[in-house]
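Residues: numbered from 1 along the sequence shown. Source: prediction; values computed, not measured.
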Amino acid sequence: MRSDEVKKGHSRAPHRSLFRATGLKDEDFDKPFIGVANSFIEIIPGHFFLDKVSAIIKEEIKANGCVPFEFNTIGVDDGIAMGHDGMLFSLPSREIIANSIETVMNAHKLDAMIAIPNCDKIVPGMIMGALRVNVPTVFVSGGPMAKGYTKDGTPIDLATAFEAVGKYENGDITADELKDIECNACPSGGSCSGMFTANSMNTLMEAMGIALPGNGTILALTKEREELYRKAARRVCELAKLDLEQKKKYNIKNILNENAVRNAFAVDMAMGGSSNTVLHMLAIAKEAGVDFELEDINTISKRVSHIAKISPSLSTVHMQDIDKAGGVSAVMAEMSKRGDDILADNLTVTGETIKERIKDAHITDTNIIHTIDNPYSEVGGLAILYGNLAEQGAVIKTAGITGDRVFTGTAVCFNSQDEAIAGIIDHKVKAGDVVVIRYEGPKGGPGMQEMLAPTSLIMGMGLGDKVALITDGRFSGATRGASIGHVSPEAAEGGVIGLLKDGDVIHIDVDKYILSVDLTFEELAERRDHFVPIKKELNSSWLKQYRALVTNASSGAVLNTELF
């Protein structure tokens with residue numbers, strides 16, 4: 001066993017002495033040591049109960065002849081960090097989480113790992129860390145939140161609450177109606193109930209084969225979810241007890257390979273996932289050693305139909321509804337009917353192939369999950385746009401578009417999210433405008449803030465189908481509308497988005513994958529001659545380190561380790 005390096009032989013007597021201080025006995029030193037990577041933190045609704053989840057998992061690990069060692073990662077709640085400078089720390093937290101997983105697992109030579117993520121950057125951070133360690137690893141998330149309801153029975157969620165602020169600012173709802181939404185949008189523990197970033201990543205773990213069926217859709221705080229935790233714990237023990245050669249087969253890099261990455265993007269397209277999945281899956285692919293580039297996403301999108309429309313994409317469908325309609329396995333089974341959408345021979349952590357996993361799955365409600373013959377769209381729910389305004393690409397969640405897929409408008413430029421929020425509230429944005437928010441990319445922010453506040457204001461003020469928004473920052477999974485993020489190169493590194501002026505004419509054509517500004521090469525060159533990017537003053541030591549090392553969004557905003 002890998003852990004023999006810290007527990008076997010006479011030279012490891014001091015090590016065993018330290019283990020005995022934690023409660024281990026003689027018989028424990030012949031058992032596999034399992035890392036229980038928990039993301040319990042009391043401030044995140046999807047995580048405040050994970051201490052109880054880990055207790056269940058550790059109990060099951062012990063009952064199955066292994067020794068669990070729990071450790072924790074940090075976490076940031078994107079919703080609470082939204083709309084102020086706390087959001088600068090959200091994306092950087094992904095790197096801290098990955099580093100912490102690598103540190104604990106490798107410092108102590110643990111044999112296998114079970115990871116308990118749920119929300120925001122925590123899921124991809126844990127996956128990235130697990131790939132660096134490369135031992136058998138099972139992921140089991142805390143589970144999605146139930147949807148909420150207003151007093152009149154309307155289904156709502158966190159996106160409703162953000163958009164309600166815009167409606168209140170516009171005089172469309174009363175203070176009492178706003179309070180009703182506030183008190184009921186998030187009714188329980190779990191990852192926010194729509195196809196936001198957390199649930200997008202939790203479903204994609206099923207597609208990648210690193211989590212058990214139901215991981216993305218079975219509600220948190222239910223008996224069904226508890227059984228999933230126990231199954232995952234039993235499975236990680238089975239893997240840890242395999243002989244060395246068999247165990248290598250289940251090292252996470254042998255499961256999360258190129259086919260798994262492509263399956264994840266295909267399911268993402270079919271279910272209209274968050275645009276943040278692009279950022280995270282690019283980073284995960286790099287950690288997995290997979291050759292996958294941003295432009296590959298459009299190739300997948302062209303051959304994958306969008307068959308599940310989930311909130312916030314103009315839908316009252318939530319994760320619990322997807323679960324009742326057959327779950328992610330049903331989506332994949334339906335996709336596989338066309339033959340080339342799912343790479344079905346890929347191994348999963350449960351020992352079966354994707355094909356074997358989904359062979360009996362089927363849609364039980366075609367109003368919730370459409371058939372391949374009756375899709376919402378013949379192409380997937382994400383697209384990568386290119387042009388002189390995004391030479392290295394930009395991302396749009398096409399599933400969330402509320403207006404036309406072709407848009408031409410005049411730029412209204414803001415040099416920060418705060419400026420944009422103030423400008424939108426002050427009615428500086430009119431129908432026909434393209435809102436430009438820059439200096440919010442990985443370097444410029446730094447940290448690439450999510451733009452849920454301005455996009456929600458736009459929706460709430462009735463401009464959702466009348467304006468577009470582009471940014472070198474990113475969006476919450478709860479964002480909808482013609483919102484284009486990840487514009488690369490970003491303003492802070494001299495990208496064209498930094499050269500724009502109010503009144504410039506911007507063209508968007510989603511189906512032709514175009515994002516451009518009506519300026520000649522010579523005009524752009526003249527502006528560049530006089531351009532000095534804004535560099536924000538920082539008081540944070542960590543954000544200074546991050547800004548110095550981070551790459552732009554087209555490469556997943558990974559840290560540049562080639563400098564060392």
Side-chain angles (χ1 to χ4, degrees), residues 1-3 32-39 57 61 66 68-69 71 73 94-95 97-117 122-141 201-213 215-216 231-265 267 277 280-292 343 345-354 357 556 558:
M1 288 185 283
R2 186 173 186 257
S3 60
F33 284 4
I34 310 295
V36 180
N38 196 0
S39 53
I57 286 170
I61 288 172
C66 297
F69 290 100
F71 63 97
T73 66
R94 187 185 74 181
E95 312 308 315
I97 292 163
N99 290 342
S100 68
I101 295 281
E102 179 184 9
T103 298
V104 175
M105 288 295 296
N106 283 343
H108 304 101
K109 300 299 180 184
L110 302 180
D111 296 301
M113 182 170 74
I114 185 165
I116 315 170
I122 299 157
V123 180
M126 282 189 158
I127 296 173
M128 290 163 66
L131 286 163
R132 296 177 194 173
V133 178
N134 197 28
V135 297
T137 303
V138 178
F139 280 81
V140 60
S141 302
M201 292 305 303
N202 288 330
T203 58
L204 297 195
M205 285 195 285
E206 288 190 50
M208 289 185 279
I210 60 175
L212 276 60
N215 184 72
K231 283 182 182 177
R234 290 194 291 270
R235 182 56 184 163
V236 78
C237 288
E238 290 170 358
L239 296 177
K241 290 178 180 178
L242 294 172
D243 66 43
L244 187 59
E245 285 307 309
Q246 287 180 305
K247 197 182 299 183
K248 284 181 180 177
K249 177 182 176 183
Y250 290 97
N251 285 348
I252 189 170
K253 281 190 176 182
N254 290 331
I255 295 173
L256 208 173
N257 52 23
E258 182 175 349
N259 286 350
V261 170
R262 292 184 179 278
N263 280 345
F265 273 114
V267 171
T277 57
H280 300 319
M281 286 305 305
L282 288 174
I284 287 166
K286 288 183 184 298
E287 293 288 358
V290 168
D291 184 14
F292 189 94
L343 299 163
D345 291 331
N346 222 43
L347 182 67
T348 73
V349 75
T350 48
E352 61 200 346
T353 63
I354 290 289
R357 175 179 284 193
V558 296

### Task
Report yes or no: does Asp111 contribute a side-chain atom to a donor-acceptor pair with the main-chain N or O of Arg2 at less than 3.5 Å?
yes
### Query
Does Arg234 come within less than 4.0 Å of Glu238, counting only side-chain N to carboxylate O?
no
#### Entry: Between Asp345 and Thr353: side-chain donor-acceptor atoms closer than 3.5 Å
no
### Task
Can you measure from OG1 (Thr137) to CD1 (Ile34) and round to the nearest 0.5 angstrom?
9.5 Å
#### Entry: Lys231 atom NZ, over 12 foreign heavy atoms within 6.0 Å
no
### Task
Considering non-hydrogen atoms only, spot the tightest contact between Ala233 and Ile57 and give its length.
CB-O, 3.7 Å
### Message
Assess, by modelled atom type and distance only, whether the side chains of Arg357 and Asn346 contain a donor and an acceptor separated by less than 3.5 Å.
### Response
no
### Query
For the atom pair CE (Met201) and CG (Asn215), what is the distance rounded to the nearest 0.5 Å?
11.0 Å
### Task
Please step through side chain to side chain contact (heavy atoms under 4.5 Å, CB included) for the pair His280 and Ile127, ending with a clear verdict.
CA-CA 10 Å; His280 300 319; Ile127 296 173; over 6 Å; no
### Summary
Nearest heavy-atom approach of Ser141 to Asn202 is OG-OD1, 2.7 Å
### Query
Should the pair Phe33 and Phe69 be assigned to parallel (<30°), tilted (30 to 60°) or perpendicular (>60°) ring geometry?
perpendicular
#### Entry: Flag, side chain of Arg94 to backbone of Pro124, donor-acceptor distance under 3.5 Å
no
### Task
Taking all heavy atoms of Leu343 and all of Asn263, pick out the closest pair and write down the distance.
N-OD1, 2.8 Å
### Message
Is it the case that the side chain of Asn99 and the backbone of Glu95 share a donor-acceptor pair, with hydrogens and angles ignored and the cut-off at 3.5 Å?
### Response
yes
#### Entry: N/O donor-acceptor pair under 3.5 Å between Ser39 side chain and Ile116 backbone
yes
#### Entry: Interatomic spacing from CD1 in Ile252 to CG in Leu239 - rounded to 0.5 Å
11.0 Å
### Query
Which atom pair, heavy atoms only, marks the closest approach of Ile97 to Gly125?
CG2-C, 3.6 Å
### Task
Could you grab the distance from atom CG of Asp243 to atom CE of Met1, nearest 0.5 Å is fine?
12.5 Å
### Intermediate values then yes/no, side chain to side chain contact (heavy atoms under 4.5 Å, CB included), Ile61 and Ile114
CA-CA 10 Å; Ile61 288 172; Ile114 185 165; 4.1 Å; yes
### Summary
In short, Ala264 meets Met208 closest at the heavy-atom pair CB-CG, 3.7 Å
### Task
Would you confirm whether Asn134, through its side chain, and Lys253, through its main-chain N or O, come within 3.5 Å as a donor-acceptor pair?
yes
### Query
Out of curiosity, Met126 CE to Met205 CE, how far, rounded to the nearest 0.5 Å?
9.5 Å
### Query
For the side chain of Lys247 and the backbone of Ala240, is there at least one donor-acceptor N/O pair under 3.5 Å apart?
yes
### Task
Would you name the heavy atoms of Ala232 and Val140 that are closest together and state the gap between them?
CB-CB, 3.8 Å
### Query
How many angstroms lie between atom CG of Asn254 and atom CG of Leu347, to the nearest 0.5 angstrom?
8.5 Å
